2 protein chains.
Amino acid sequence: MVTIYDIANKANVSAMTVSRVINNTGRVSDKTRAKVKKVMQELNYVPNQMARSLVLQQSKTLFLLITDITNPFYTTLSRGAEDAARKHGYNLLFGNSDENLSKESEYINTILSTRVDGVLLAPAGDPSAAHLERLLERNVPFVLIDREVPGIQSDIVQGDSKEASKKLMEHLLSYGHRNIALVNGSSSISSARDRLQGYNEMLKLHDLSANERYIFETSFGPFKDQSGLMAWLDQLHPFPTAFLAGNNVLAMELLHALRSRGLQVPEDVSVVCFDDFGMYSDLDPFITVAAQQAYQFGYLGMQLLIERITDREEAGPQKKIILPAEIIVRRSVKKLA
Amino acid sequence: MVTIYDIANKANVSAMTVSRVINNTGRVSDKTRAKVKKVMQELNYVPNQMARSLVLQQSKTLFLLITDITNPFYTTLSRGAEDAARKHGYNLLFGNSDENLSKESEYINTILSTRVDGVLLAPAGDPSAAHLERLLERNVPFVLIDREVPGIQSDIVQGDSKEASKKLMEHLLSYGHRNIALVNGSSSISSARDRLQGYNEMLKLHDLSANERYIFETSFGPFKDQSGLMAWLDQLHPFPTAFLAGNNVLAMELLHALRSRGLQVPEDVSVVCFDDFGMYSDLDPFITVAAQQAYQFGYLGMQLLIERITDREEAGPQKKIILPAEIIVRRSVKKLA
DNA sequence: TTGTAAGCGTTATCAT
DNA sequence: ATGATAACGCTTACAA
């Protein structure tokens, strides 16, 4: 591997001069600069980022930890985060926790030992607090996306889940639905709780009794065949006329389960959900959704993170960005007589 | 930041002893070991991976460069790669080139300066050869996925694109279609060429003349509204009864364009494509596809890479894994009278 | 304008 | 079983 010293030798200068040329710092005569650059070219020199990070005490690398790489909400979010990071000259490491706390914990190890400058992450749930504490101890700046964690102070970019949930419910209710079931993510996740709350509040507002049986709680992802979901559907009576799914993955699992029971959407049963389907939004059936601004979650989150890192000293107050969702009415909801 | 010396001081041993404890190398008395471990706990010590990499001359980090993070083929592939990497104790860095050669080039810079131990990548196209040469110069092991690059020798995991293309065509032909158009990725990409070849060979086999006009070449992704595609469709006559799309993104773009022309699939026009839709496969319309083993592309590719790195000395012959695709017949193809 | 020396946090080598 | 020293490739501080 060619080092700064190889360049220095061949160019008959000191390593320091080479360093200066590389970083455009200090004064170097044009002649020397040209000579050094030429040698770097010849030897195909590429600086060793690790050596540099070691002395600089910063890696110019950020980490993005998402919970489901197969979910278009997160991949679109990733694009946003990537764009923002690169725009500011940071490299980006990705990790994928699969909504799994122990995988998340492993990634926290990686993050800590890898000495990244900061982390943008969607926590797997409330117990992630322990992982975040480890970041805090080490003074690793982080920004939360999509989910808050009780007991943890930090910048965060969130969706307005409760409000969106209410709108989705409003839509169903206005179409005459009264028996509405909820397929939701784990209640140890703040966004799931907010969605549940919106659901309950709208039921109450319409003087409908909340039926515990109508609520099914499972993982937000990744997608799998849900035998649990099937079993739950089997024991439902009266069978709901409509379902609200806590995210797009759950909507897919639900659709899958409904189909295997021979039920058509929207003819036999109506479905709405959180999150749009990325490029698949053009596929039938057009599900009515609360579309979140996935790209912005990533882009803005990354911006908050970079600000935090840049203005490290002036701690400043915690920032919270709440992104509204847009209800896109398509045709997965049937109007009841 | 607490270092190995902090531990050493507090435990009244040398840094070397701490290092031995951390890495379980050499001989350390149980008593000393226990003492050191206790101090590490107390001080919440996490080794500095960069310092370690610097001396070890290896980072235990691999890089995965894909071309479209919004494409489920690549995200599923990523899961496979991630699983394989972690299984062998490697960390994984992701990058996303967006099918864009200059973004790819930037990532090659990152890869080089970051001193990763190896790279698994889907090249953006034949011109990627220049980038791969840079890896070769530096002796950075790499494995190609999905696409080969003329002039570059390397291990590779590929799909059997030509064969799958023929099967897809066979399906269309057997349903009576004769006017079949192809929406394909750039011909500077080997897989696109293979798919075109399969298309042409089947036409020839059935004594159908290849109509240049029936072939539209564009980017494999990421998804966008395709005004070019629209324009192309507009000047097509006779209008094809069926379309073969070179991947799932193109299929979506095509569907989008067809829909805006008021055409239904399969009633008005038939569509088949490469790559399944991940969890969206359950959405209507069920497109008939050549499903590739995305997960295996990543998993096996990563295995090849790790083998290469491990047996670095015994160069061994280039390995080539060809994964067949499975035709999944759904209902996007109409039987013609 | 250029160079020398020390140090970033770790491990390999050689002593003891 | 444990420790001292040098080295990995680079940059900062200081000197010339």
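Remember, it's a predicted structure, so these values are computed and weren't measured experimentally. Atoms considered below: every heavy atom in the structure, side chains included; atoms not considered: hydrogens, waters and symmetry mates. By convention in this document, chain letters (A, B, ...) are assigned in the order of the sequence lines, proteins followed by strands, and residues within each chain are numbered from 1.
- Every residue two or more places apart in sequence or in another chain that forms a ring pair (Phe, Tyr, Trp, His ring centres under 6.0 Å) with A:Phe297 is listed here: A:Phe73.
- Straight-line distance from the CD atom of B:Gln57 to the P atom of C:dT13: 13 Å, rounded to whole Å.
- Residues passing the salt bridge (charged side-chain N to carboxylate O under 4.0 Å, His left out) test with A:Lys320, sequence neighbours excluded: A:Glu148.
- Using modelled atom types and a 3.5 Å distance limit, the side chains of B:Ser128 and B:Glu104 yield a donor-acceptor pair.
- Applying the ring pair (Phe, Tyr, Trp, His ring centres under 6.0 Å) test to A:Phe142 and every residue at least two apart in sequence or in another chain returns nothing.
- Neither OP1 nor OP2 of C:dT1 sits under 4.0 Å from any side-chain N or O of A:Ser29.
- With sequence neighbours left out, the salt bridge (charged side-chain N to carboxylate O under 4.0 Å, His left out) criterion links A:Asp155 to A:Arg308.
- Rounded to 10 degrees, the angle between the two end axes of the helix from C:dT1-D:dA16 to C:dT16-D:dA1 is 40°, with five pairs used at each end.
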Interface polar pairs with nucleotides 10-12 of chain C, N/O, under 3.5 angstrom:
{"unit_1": "C:dT10", "atom_1": "OP1", "unit_2": "B:Tyr45", "atom_2": "OH", "d": "2.4"}
{"unit_1": "C:dT10", "atom_1": "OP1", "unit_2": "B:Asn48", "atom_2": "N", "d": "2.9"}
{"unit_1": "C:dT10", "atom_1": "OP2", "unit_2": "B:Ile4", "atom_2": "N", "d": "2.5"}
{"unit_1": "C:dT11", "atom_1": "OP1", "unit_2": "B:Asn23", "atom_2": "OD1", "d": "3.3"}
{"unit_1": "C:dT11", "atom_1": "OP1", "unit_2": "B:Asn23", "atom_2": "ND2", "d": "2.9"}
{"unit_1": "C:dT11", "atom_1": "OP1", "unit_2": "B:Arg52", "atom_2": "NE", "d": "2.9"}
{"unit_1": "C:dT11", "atom_1": "OP1", "unit_2": "B:Arg52", "atom_2": "NH2", "d": "3.1"}
{"unit_1": "C:dT11", "atom_1": "OP2", "unit_2": "B:Ser19", "atom_2": "OG", "d": "2.6"}
{"unit_1": "C:dT11", "atom_1": "OP2", "unit_2": "B:Asn23", "atom_2": "ND2", "d": "3.4"}

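- Spacing between atom CD of A:Gln58 and atom P of D:dT11 amounts to 12 Å, rounded to whole angstrom units.
- If you take CG of B:Leu54 and C1' of D:dT11, they are 13 Å apart, rounded to a whole angstrom.
- Shown here are the side-chain hydrogen bond (donor to acceptor under 3.5 Å, both in side chains) partners of B:Asn139, two or more places apart in sequence or in another chain: there are none.
- Between the CG atom of B:Asn24 and the P atom of D:dT2 there is a distance of 14 Å, given to the nearest Å.
- Shown here is A:Lys37, whose NZ atom has no more than 12 heavy atoms of other residues, nucleotides or ligands within 6.0 Å.
- Residue A:Thr17 places none of its side-chain N or O atoms closer than 4.0 Å to OP1 or OP2 of C:dT2.
- Listed by chain and residue number, nothing satisfies the side-chain hydrogen bond (donor to acceptor under 3.5 Å, both in side chains) test with B:Lys35 (two or more places apart in sequence, or in another chain).
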Contacts table for residues 1-11 of chain B: side-chain donor-acceptor under 3.5 angstrom, sequence neighbours left out:
{"unit_1": "B:Thr3", "atom_1": "OG1", "unit_2": "B:Tyr5", "atom_2": "N", "d": "3.0"}
{"unit_1": "B:Asp6", "atom_1": "OD2", "unit_2": "B:Thr3", "atom_2": "N", "d": "2.7"}

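- Taking atom CG of B:Leu43 as the reference point, atom C1' of C:dG9 lies 15 Å away to the nearest angstrom.
- Residue contacts shown for B:Thr32 are limited to sugar-phosphate atoms, with no base heavy atom under 4.0 Å away.
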